[in-house]
Amino acid sequence: MDAVTPIHIVNPRAGIEHDSGALPDTVAARRSRTRPLAIPRATYRVQFSVAFTFRDAATIVPYLASLGVSHLYASPILEARRGSSHGYDVVNFSRLNPELGSRQDFDALVSTLHGHGMGLIVDVVANHMGILANDNDWWLDVLENGPAATFAKYFDIDWFPPRAGLHNRILVPVLGDSFGRALEKGDLRIRFDPAEANFSVWYFDHRLPLDPREWPRLFADHEDALVVGLEADPQAREDFESLLGELGRLPARTETSPESRLRRYRDKEVCRRRLARLCERSPRLEAFIQHCVRCLNGTPGTPSSFESLARVLEAQAYRLAYWRVAGDEINYRRFFDVNELAALRVDDPDVFQATHEVIFDLIGSGHIDGLRIDHPDGLYDPRKYFERLQTPWRDPVGGDTRPVYVVAEKILASHERLPEHWLVHGTTGYDFANL
């Protein structure tokens, strides 16, 4: 069965006590609902995907129990990029991956495990998340709003790299050719979604939102067409011109004070709703907008027809680039050199809480019995991270510093020892397997 592979007898090691900052009381209150700590006897890893779901895993539990396996060790279970074969490109930390099954399916798997005296260990991706996907709302927010984005602080982005052209912008190395050639081949296309009242640039399956403050640029060369196209609907024209003025007065994405951010988000959503109502009320206006978009997208073979589109893209919070330049110019931290995996600032308490809320809920409800942490060496402060993992479950009066079973994916060289200040029970067993 390709989806199931046996691995890992875990090597437990003694823990060292350390103090740690407290987490919200609502999290700490879950401590009383956790199951007693159980060190695994033997684990069996399953690789979840659309081809091997929670329901599929439940069917093999009796067999695993008969082998003496004490814990199922699962690949990541949170929502990953659509169609992911591995789950390590998480795009949404707030829910289970719907491609693996429903919450009821997950609960049934856990119930089956418990019925056979087994537990569940889950792989946690703490260091990065999948980007360049159309379903990562955090990353789309950053692409639309730049430094002013609500989620800008969640990613490790250098907004002022040595290259001045990238100041307050993100390099997005998704192109299969140089920007100029991709542009003139017609691979970059603006699309308008009237239902969402949204403008985006598409590169094949990649969607990148346009900064609402820059939407008036889309119509800068079509003032006469606006008059002619809406001659029979002067009210729609007047309302649309007023809307473009409001968009141009939005706070710039470089204005990052709390007041400016609040006004930008509030006003741009008001403008979106106005545009949606205008298009619904005036088919002529929607037709005019779609006409402008078609003109903006240019004509392959006529380089001058792409000049307006190039100016629009140059005004965004990102710079589209050939994927080969990433090694020299990228200004967001990645997982190794994988452009599609952007590093998270999980050392920030808000980011930690947002990325672990569901996992903590499942630990607190007794669904999860242990965690395997993916590549903790990539974290800014692994020691503090492991302390935060354990803090909500510790008894404040002389309790174990490691009340939740946690192992780290750590490849130990022959001369290397697992850091004693990490509050973990061991590694995933690479050193044991080598022996």
Side-chain angles (χ1 to χ4, degrees), residues 137 139-152 167-170 172 188-202 207-231 233-298 307-320:
D137 291 338
W139 188 250
L140 292 175
D141 174 52
V142 176
L143 293 180
E144 181 177 300
N145 299 290
T150 299
F151 294 101
H167 287 185
N168 290 310
R169 301 179 75 194
I170 310 167
V172 181
L188 297 167
R189 314 287 291 177
I190 303 289
R191 295 183 194 171
F192 172 59
D193 182 344
E196 297 292 331
N198 211 4
F199 294 90
S200 303
V201 58
W202 287 77
R207 180 178 79 86
L208 300 96
L210 300 185
D211 179 353
R213 192 173 189 266
E214 304 300 335
W215 289 359
R217 292 177 181 271
L218 304 173
F219 310 100
D221 299 332
H222 299 278
E223 293 181 4
D224 293 341
L226 175 62
V227 174
V228 174
L230 295 180
E231 186 175 11
D233 194 347
Q235 185 61 54
R237 189 189 81 191
E238 181 180 338
D239 291 342
F240 185 61
E241 289 174 336
S242 171
L243 175 63
L244 294 180
E246 288 296 319
L247 288 165
R249 288 189 289 273
L250 290 174
R253 57 180 184 264
T254 54
E255 298 179 35
T256 58
S257 69
E259 297 78 14
S260 294
R261 282 175 163 165
L262 177 63
R263 187 161 71 87
R264 176 183 172 89
Y265 274 85
R266 179 195 64 207
D267 292 355
K268 74 184 179 69
E269 294 310 312
V270 169
C271 288
R272 275 194 224 273
R273 290 193 294 270
R274 283 183 59 191
L275 181 57
R277 289 194 299 268
L278 280 173
C279 289
E280 185 177 3
R281 193 177 72 213
S282 175
R284 287 189 176 89
L285 175 59
E286 183 184 339
F288 165 76
I289 292 173
Q290 298 290 11
H291 166 75
C292 293
V293 167
R294 285 193 297 272
C295 294
L296 192 70
N297 285 332
E307 292 176 358
S308 295
L309 178 56
R311 288 194 295 269
V312 168
L313 297 179
E314 185 62 28
Q316 303 309 312
Y318 47 84
R319 182 166 73 82
L320 292 164

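Scope of the values below: all heavy atoms of this structure, side chains included, with no hydrogens, waters or symmetry mates.
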side-chain contact (heavy atoms from CB on, under 4.5 Å) between C279 and F192, intermediate numbers included: CA-CA 11 Å; C279 289; F192 172 59; 3.8 Å; yes

For a quick test of reading the model, state the closest non-hydrogen atom pair linking [X] to [Y] and the distance between them.
X	Y	result
F219	C292	CD2-SG, 3.7 Å
G248	P216	N-CG, 4.2 Å
S200	P209	OG-CA, 3.8 Å
P147	N168	CG-OD1, 3.4 Å
A195	A276	O-CB, 4.5 Å
G146	A152	O-CB, 3.7 Å

Using 0.5 Å steps for rounding, measure from the [atom1] atom of [X] to the [atom2] atom of [Y].
X	Y	atom1	atom2	value
D193	R207	CG	CZ	8.5 Å
I190	Q290	CD1	CD	12.0 Å
R189	L296	CZ	CG	9.5 Å
L218	C295	CG	SG	12.0 Å
D221	E307	CG	CD	10.0 Å
F199	L208	CZ	CG	16.0 Å

CA sep, side-chain torsions, deciding dist, call: E241, L226, side-chain contact (heavy atoms from CB on, under 4.5 Å): CA-CA 9 Å; E241 289 174 336; L226 175 62; 3.7 Å; yes

Side chain to side chain, [X] and [Y], heavy atoms closer than 4.5 Å:
X	Y	value
N145	R264	yes
E144	L210	no
W139	I170	yes
L247	K268	no
Q235	L230	no
L243	C271	yes
R253	R261	no

For the backbone of [Y] and the side chain of [X], can you confirm whether one donor and one acceptor N or O come within less than 3.5 Å of each other?
X	Y	answer
D141	F151	yes
E246	S242	no
E255	A252	yes

Checking side-chain polar atoms at under 3.5 Å, does [X] have a donor or acceptor matched by the opposite partner on [Y]?
X	Y	answer
S282	D233	yes
N198	R272	yes
R311	S308	yes
D211	Y318	no

Thinking salt bridges, do [X] and [Y] make one under a 4.0 Å N-O criterion?
X	Y	answer
E280	R273	no
R217	E214	yes
D267	R274	no

Crowding at CZ, R319 (>12 non-hydrogen neighbours, <6.0 Å):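 Enclosed: over 12 neighbouring heavy atoms sit under 6.0 Å from CZ of R319.
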
Heavy atoms from other residues, nucleotides or ligands near CD of E269 exceed 12 (cutoff 6.0 Å):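 Count over threshold, so yes.
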
Whether H291 and H222 hold their rings parallel, tilted or perpendicular, with breakpoints at 30° and 60°: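 Aromatic pair H291/H222 classed perpendicular.
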
Candidate pair L275 and I289, rule side-chain contact (heavy atoms from CB on, under 4.5 Å), full reasoning: CA-CA 11 Å; L275 181 57; I289 292 173; 4.0 Å; yes

Aromatic W202 / basic R191 pairing, under 6.0 angstrom, 45° off normal: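 Positive - R191 is close enough to the ring of W202 and near enough to its axis.
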
